[in-house]
Amino acid sequence: MTESSRQSDPVEGGRPLRRDAALNRERILHAAREVFGQQGLGVTLDGVARHAGVGVGTVYRRFPTKEALIQALFAQDLRIRQEAADRALAHPDPWQGLVDFLVEMAADLAENRGLYEVLMLGAHTSAPIDSARDGMLPLLQALIRRAQESGDLRPEVAPADIPVIQHMVYAAARFTHGQQPDTWRRYLEILLNGLRRRPDDRPLVTPSLSDEMVEQAMGINRAE
């Protein structure tokens, strides 16, 4: 057993789960990751139970609502995105760090429809997911500032541009999925070429969206 698996042993009511209950929980999470990744978050808990090969009552005992299952499944994914941003900030080449981060995130979103809906649409929310999503903004700001200060990234690029770019890449991934699933990488390369600063760049004349406008487009509603 790895250190990470010891740290993540499932508990319920403050006590470790029995082995059979823990195995059922992991089976449900694995099945949910597959069906949510392939079909999105519209899949019901009954559908997750069928894919996991367990009774729906077993699913409800571990996860009384679909929101509870989504939170358990995707809060960790969002923390992984934060870790990817930390690695990018530690990269000695600011531009390559930013590129690595954008490519890794695009790959995750292209291959996981459920993660895309949680991260980019804001339809399903919870305190841990909101906290993880909010924690990405200062990291993204630092990545952009670092790449601009090195002279590699166009000065007009704003943090609010990145979610829009990720939406564009995801749309390309869905559009070409039935023909050539990795074609989205081509379009991300084109976008990255456009983000790179060059001596003969013409200034961008259309302003970026504000952070608030991006959140509204994503369906993220901030409590007053």
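Here the structure is a predicted model, which means the values were calculated and not measured.
A distance-only check finds a donor-acceptor pair linking the side chain of Arg81 to the backbone of Asp77 [under 3.5 Å]. Judged by distance alone, with hydrogens and angles left aside, the side-chain atoms of Arg198 form a donor-acceptor pair with the main-chain N or O of Asn193 at under 3.5 Å. Without hydrogens or angle criteria, Thr176 side chain to Ala172 main chain gives a donor-acceptor distance under 3.5 Å.
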For a side chain to side chain contact (heavy atoms under 4.5 Å, CB included) check, start with the C-alpha distance between Ile165 and Leu102, then their side-chain angles and the critical distance, and finish with the verdict.
CA-CA 9 Å; Ile165 288 172; Leu102 294 178; 5.9 Å; no
For the pair Thr183 and Arg186, evaluate side-chain hydrogen bond (donor to acceptor under 3.5 Å, both in side chains) and give the outcome as yes or no after the intermediate values.
CA-CA 5 Å; Thr183 302; Arg186 171 184 175 85; over 6 Å; no
Could you walk me through whether Leu109 and Leu115 pass the side chain to side chain contact (heavy atoms under 4.5 Å, CB included) check?
CA-CA 6 Å; Leu109 297 178; Leu115 178 61; 4.1 Å; yes
Test ring pair (Phe, Tyr, Trp, His ring centres under 6.0 Å) on His91 and Phe101; report intermediate values, then the result.
CA-CA 10 Å; His91 198 291; Phe101 173 75; over 10 Å; no
Can Asp161 and Val214 be said to form a side chain to side chain contact (heavy atoms under 4.5 Å, CB included), step by step?
CA-CA 9 Å; Asp161 292 320; Val214 170; over 6 Å; no
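Note on ring orientation: taking the six-membered ring where Trp is involved, the planes of Tyr170 and Tyr116 are parallel (angle under 30°, cut-offs 30° and 60°).
Of all heavy-atom pairs between Ala88 and Gly97, the closest is CB-O, 3.1 Å. Here the shortest heavy-atom pairing between Ala49 and Val56 reads CB-CA, 3.7 Å. Contact record, Ala160 with Leu209: CB-O, 3.2 Å, taken as the closest heavy-atom pair.
For the atom pair CE of Met168 and CH2 of Trp184, the computed distance is 14.0 Å after rounding to the nearest 0.5 Å. Residue Asn112 holds its CG atom at 10.0 Å from CG of Leu119, rounded to the nearest 0.5 Å. Distance check: Asp211 CG to Leu137 CG gives 5.5 Å after rounding to the nearest 0.5 Å. Here CZ of Arg154 is found 13.5 Å from CG of Asp152. Values are rounded to the nearest 0.5 Å. With values rounded to the nearest 0.5 angstrom, Ile162 atom CD1 is found 11.5 Å from Gln141 atom CD. The structure places CG of Leu69 at 6.0 Å from CG of Leu45, a figure rounded to the nearest 0.5 Å.
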Show me the donor-acceptor pairs, under 3.5 Å and distance only, between side chains in residues 36-44 and residues at least two apart or in other chains.
{"residue": "Thr44", "atom": "OG1", "partner": "Asp46", "partner atom": "N", "Å": "3.4"}
{"residue": "Thr44", "atom": "OG1", "partner": "Gly47", "partner atom": "N", "Å": "3.1"}

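Neither Tyr187 nor Leu195 shares a network with the other; the hydrophobic side chains, linked directly or stepwise wherever heavy atoms of I, L, V, M, F, W or Y lie under 4.5 Å apart, form separate groups for each. Both Met213 and Leu140 belong to a single network of hydrophobic side chains, linked directly or stepwise wherever heavy atoms of I, L, V, M, F, W or Y lie under 4.5 Å apart.
Electrostatic pairing of Glu117 and Arg113 counts as a salt bridge here, judged by a charged N lying under 4.0 Å from a carboxylate O. Arg196 and Asp201 are not joined by a salt bridge, as no carboxylate oxygen comes within less than 4.0 angstrom of a charged side-chain nitrogen.
Using a 4.5 Å heavy-atom threshold, the side chains of Arg87 and Asp100 count as separate. Annotation: side chain of Glu26 is in contact with side chain of Leu29 (closest heavy-atom distance under 4.5 Å). Using a 4.5 Å heavy-atom threshold, the side chains of Arg197 and Leu153 count as separate. Residues Arg27 and Arg62 fail the side-chain proximity criterion, which asks for heavy atoms closer than 4.5 Å. Residues Arg185 and Val103 have side chains in contact (heavy-atom distance under 4.5 Å, counting atoms from C-beta outward). The shortest side-chain heavy-atom distance between His30 and Glu34 falls under the 4.5 Å cut-off.
Pro94 pairs with exactly one of Gln148, Arg145, Arg146 by the side-chain contact (heavy atoms from CB on, under 4.5 Å) rule, that one being Arg146.
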